[in-house]
Structures are given as C-alpha cells and as structure tokens.
2 protein chains.
Amino acid sequence: MVDKARDPVFDSVWLAERKPSSAQASPLSREAIVTAAVEALDVDGLAALSMRKLATRLGVAPMSLYWHVPTKDAVLELAMDEVFGEIGAPDLDRAWTDEVRKLMGQVRLLFQRHPWLPQVLGSYPNIGPNAVALAESMITVLSGTGLPVVEVSRASSTVISFVVGFAASEVRWAEETTAPRRPDQEWTAALVERYRERFPLFTAQFDLPELWEADAQFDYGLDCVIAGVETRTGQPRR
Amino acid sequence: MVDKARDPVFDSVWLAERKPSSAQASPLSREAIVTAAVEALDVDGLAALSMRKLATRLGVAPMSLYWHVPTKDAVLELAMDEVFGEIGAPDLDRAWTDEVRKLMGQVRLLFQRHPWLPQVLGSYPNIGPNAVALAESMITVLSGTGLPVVEVSRASSTVISFVVGFAASEVRWAEETTAPRRPDQEWTAALVERYRERFPLFTAQFDLPELWEADAQFDYGLDCVIAGVETRTGQPRR
DNA sequence: TACGACTGCCGTACACCGTACGAGAACGCA
DNA sequence: TGCGTTCTCGTACGGTGTACGGCAGTCGTA
C-alpha cells in the first residue's frame, strides 16, 4: 500500500474523480465493497483485513475489487467515512449544550461499535462527506453560542479533539482488557504491580471505583470542555 | 503481525518479562533497535518500516533482531514509548495552569516531530514507562488545583484527551498538505471546491486567515479546557 | 444483423512482508 | 578441554498488495 502514487497531486479517494458508473447493474459495486469491509473490520479487526479475504466474503476473485476501488487504502478511507454516516443531524431548536452532548455521545458510541476507527483515523485525513457533515453540524450547533465565527470554529475543533482523543484511548483500553484475554482484572493488576513504586499516583487511580465508570469519565470531560467554551461567551457561571 | 499470540494472557511488551541481559556487550541490543526504528519512522514513515529494512539499517541480518525483540509490534510499542521519553519533568513551583500548558505544548511538539505517532497510538495501549510518567506528571501538576483526587484524575484525562486528539488531527492534516505533493493551497482548494455548496460553514473556514494559525488554534483549545477545569475549582472567573 | 468499444471480472505473477526453525559461531566457566 | 549459554544468521513458508493482460458480456451504431 501507500506506493501506488499514481496521481502525484492528490491521493485521497475523496479528491479523485470517480470512474463513471455504467447503466448495467453489476453484482459488485463500490458500495457493496465498503459495506463488506466495515462488517469484516467490526468482526475481525484491521490487522485481519486483506483484499483477498474481502473478495472471498463477497464471493468474488480478489482482483475484481480493483475495478471499483483503486487501492486498499481507499477501501479504508471509504469505510471510515461510511461509519461516520451513522451520526444523525442536529436539532437546532434545542440548547447548544444539549445538542453538543448528544452529537458527541453519538461519536463516542461510534468508536465503540467500530474499534478499528482510531487506527485508520490515524492514517488518513478525515475528509469524507459524512465526516465533514459532522463538522458542519458542530459549527451550526455552536453558532448558538453567539460567539464570533472564528471562535465557533475553534470551539468546534476543541470539542471534537477532546471527544476523539477520549474515545480513541477508551477503545484501545477496552480492546486490550477484553478480547480473548483474561478478564481486565488480571491485566490491570499486572500493570499496577509493575508501576506501583515508580508511579504511585497513577497506579492509585485503579483503586478508585469511580474511575472505572467510563461513562462518568466521559461526561465529566465533556462537561468540562463545554464549561470552558461557556467561559468564552460570558454566559452562566455553572 | 498480531498473530504470534505466544502468551495467551499478556501481549504488550510492557507486561512480558524481559530476557535477562548478559554480561557480554553485543553489537545489537534492544535499545539500538528502538533508536534505529524511531529514526527510520521519522524519515520514512510507518508504512515504509519493515524488519528487513530495520536490520539493514543496523548492518545486521533480519532474523537477528528477533533475539532482542519478540515481534514487530513490540518494536512499535517500544518506539512509541521511547519518544514519550523526550518530555521533561514538571516544575511544581509554578502555577498549575502554566505547567499544564508547558507539558501539553511539549506533547504537541512531540507529535510534530514524530508524525507516525497517531498511527501507532491507535494500535497499542500507551502504557510504557515514559507515557505513564507523563500521566503521573499531569496528576501531580493538577493536584495543584485543590480538587479531590477523583476529579484530578478526570481532569487529567480530559486535558490529555484534548491534546492528543488535537495533535493527531493536526499531524494528519500536515502530512497530507505537505509531503511530495503540491503546496497545501492547491490541495485544500480542491477540497473546498468539492464541498462548497453542501457544507458552506465548513468550507467558509478556509477563507478565514485566523484559522490557518495552528498555534492559535491549539492555544485557544487548551485555554478553553483549562478554563473548564477552573470552573470545577471555584477559582477565578477568568 | 454485424461489429467495434466499453464494462466488468478474473488468472497469473512479482516483489515484499513477518517470522518459525534450526544450525552454528563466540564466549564464560568448569 | 569440554559444556552450556548467548547471540547471529540462512533458509523457507505462507501471506500480502496489486500490475498486467485476457476474456466474456453488453451496448450503440450502422
């Protein structure tokens, strides 16, 4: 992968012209490939996805995929944006704070449903139509703050950065402590034991039951960031 | 990769016992391998790193690496933690807000120096000693807020989530708009043109010169998050 | 009806990958 | 001297992404 380097200027799928689709309905299609890719990724993870397996899953020869898709990287970019399509449109009648919480909660769930997201998100720019639609939604919602446009953009980027960073870390952790491994207890116990003397504060966290509640962690952080945005608006103190 | 699955319980390098090192100084060593890996990653990126090339770079046969390192995944985990070692210790005499800004600024620069970080960060839990030391530092610094311990942990996770999310996104963008491609202008121009009608608010961002200043973006976001934490302490309004 | 162009699928092949396995070299210690 | 340990490496296997060219079917036009 990554080699092809056909078009020296652009190589994101989203900036390439798509081959004109024909009249005849073919069994295979870009959409079918992407759907199958998402399913495969959800079940077996990124490392297990190969073009051959993907073709098998579709009942087709490996090279057939390359008519509809230029490269494996493109499949991953498309799959990434595909899942961002699961996020709904905002309701502009509600308070911006509630709407931000709703949208960002959906993003967090998205990461949990598709634990391979952080990995591919780290590899390609997230500029597909569905991802951009989410950015557009956030800007729309945050316009409700009354902040100047520049600040709306910045606040939007701030909130999204937090949520993506949080969800990515959460998913990595979950992937490690569940899976065909021993229950999380044992895994973290080993970790804690190894670091106990060197990093007392860090390891002490694991003794606090409150800190095992991921939902509360997320809500606290999101509330924090929202409160931070509110300080920029001269609005209610808390 | 990912197969090996030797130890059914643990497979992060950090939770495995390391082979006892011998007296004789061998030319190759785990440390040398990791150093070379970081260099190679910085220069050529993650996709270009293979065990064979790494061995060549060290003037050694490919399989020789496997005496010091169990797997390629381990090399990447080690390389990831290695670079987190570049971050210094906090100064506890200064105001916690300043210290948070200093530490997190260093993290951002870390990502810029090592653009492959988001990719590997998405693939492995970040539990090496240097990464944990950073977490410990953050908790120490945020203890200066006077918040209860649970909230200190949560605030720490919040700030780090934001910074990592921001830096990861920034790096992805930079990787795409620089590199052996046309200047960023052209790339983003194509993007904007493609989305102009569908996502007017999103695309309008690119007309605002303020939003091209990445440093200001970062500072705004970090200030926001810090201000959010301050609202939890009942401290100065702004 | 005939025929060329185009669409879509696929068989083969190449270069490269991670790494299992076991042979052997170099060394410490008896 | 011999033996055990540490370390390096050659070979080989099964997998990968995908370039290339062939081929069947369909369509538009004459």
Side-chain angles (χ1 to χ4, degrees), chain A residues 1-7 11 13 16-33 36-37 40-41 44-79 120 123-124, chain B residues 1-7 11 13 16-33 36-37 40-41 44-79 120 123-124:
Chain A
M1 316 193 229
V2 134
D3 301 334
K4 195 166 259 205
R6 279 303 183 61
D7 190 324
D11 56 0
V13 220
E17 285 306 320
R18 191 172 165 183
K19 216 168 294 178
S21 66
S22 79
Q24 49 186 324
S26 69
L28 209 51
S29 71
R30 176 173 284 200
E31 287 68 26
I33 292 173
L41 287 166
D44 297 320
L46 177 60
L49 183 73
S50 76
M51 293 300 268
R52 287 172 224 260
K53 290 184 194 155
L54 191 52
T56 305
R57 175 179 277 263
L58 287 160
V60 126
M63 288 309 292
S64 304
L65 304 177
Y66 286 91
W67 177 259
H68 304 273
V69 138
T71 204
K72 182 184 177 182
D73 287 294
V75 174
L76 294 176
E77 281 197 70
L78 292 165
V120 326
S123 303
Y124 313 99
Chain B
M1 317 193 230
V2 136
D3 303 332
K4 195 166 258 207
R6 280 301 184 64
D7 189 325
D11 57 359
V13 219
E17 285 305 321
R18 190 171 166 184
K19 216 168 295 177
S21 67
S22 78
Q24 51 185 321
S26 69
L28 210 51
S29 70
R30 177 173 282 200
E31 288 69 26
I33 292 174
L41 287 166
D44 297 320
L46 178 60
L49 183 73
S50 76
M51 293 302 266
R52 287 172 222 259
K53 289 184 196 158
L54 191 51
T56 306
R57 174 179 278 261
L58 287 159
V60 128
M63 286 310 291
S64 303
L65 304 177
Y66 285 91
W67 177 259
H68 304 273
V69 140
T71 204
K72 182 185 177 182
D73 287 293
V75 173
L76 293 176
E77 281 197 71
L78 292 165
V120 325
S123 303
Y124 314 99

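Each chain gets a letter, A, B and so on, in the order its sequence line appears, and its residues count up from 1.
- If you measure from atom CG of B/Leu76 to atom P of C/dC17, you get 14 Å, rounded to the nearest angstrom.
- Here the C1' atom of nucleotide C/dG18 and the CG atom of B/Asp73 are 10 Å apart, to the nearest Å.
- Between the CG atom of B/Leu46 and the C1' atom of C/dG18 there is a distance of 14 Å, given to the nearest Å.
- Annotation for A/Ala37 and A/Val75: closest pair CB-CG1, 3.7 Å, computed over non-hydrogen atoms.
- Tested against A/Met51 for a side-chain contact (heavy atoms from CB on, under 4.5 Å), the candidates A/Thr56, A/Thr71, A/Leu65 yield a single pass: A/Leu65.
- Taking atom OH of B/Tyr66 as the reference point, atom P of C/dA20 lies 8 Å away to the nearest angstrom.
- The side chain of B/Thr71 contributes an N or O atom lying less than 4.0 Å from OP1 or OP2 of C/dT19.
- Interatomic distance, CZ of A/Arg52 versus CE of A/Met63, reported as 9.5 Å (0.5 Å rounding).
- Within the 4.0 Å cut-off from OP1 or OP2 of D/dT8, at least one side-chain nitrogen or oxygen of B/His68 is found.
- The CG-P distance, from B/Leu58 to D/dC9, rounds to 11 Å in whole Å.
- Atoms CE (B/Met51) and C1' (C/dA20) sit 13 Å apart, rounded to a whole Å.
- Between A/Arg57 and A/Ala36 the shortest heavy-atom distance is CD-O, 3.7 Å.
- Here the P atom of nucleotide C/dG22 and the CH2 atom of B/Trp67 are 15 Å apart, to the nearest Å.
- In terms of heavy atoms, B/Pro62 sits closest to B/Ala55 at CA-CB, 3.5 Å.
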N/O-N/O pairs, protein side and nucleotides 10-16 of chain C side, under 3.5 Å:
from	atom 1	to	atom 2	distance (Å)
C/dC10	OP2	A/Ala61	N	3.2
C/dC10	OP2	A/Ser64	OG	2.8

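- Across every non-hydrogen atom of B/Leu49 and B/Ala40, the tightest pair is CD1-CB, 3.8 Å.
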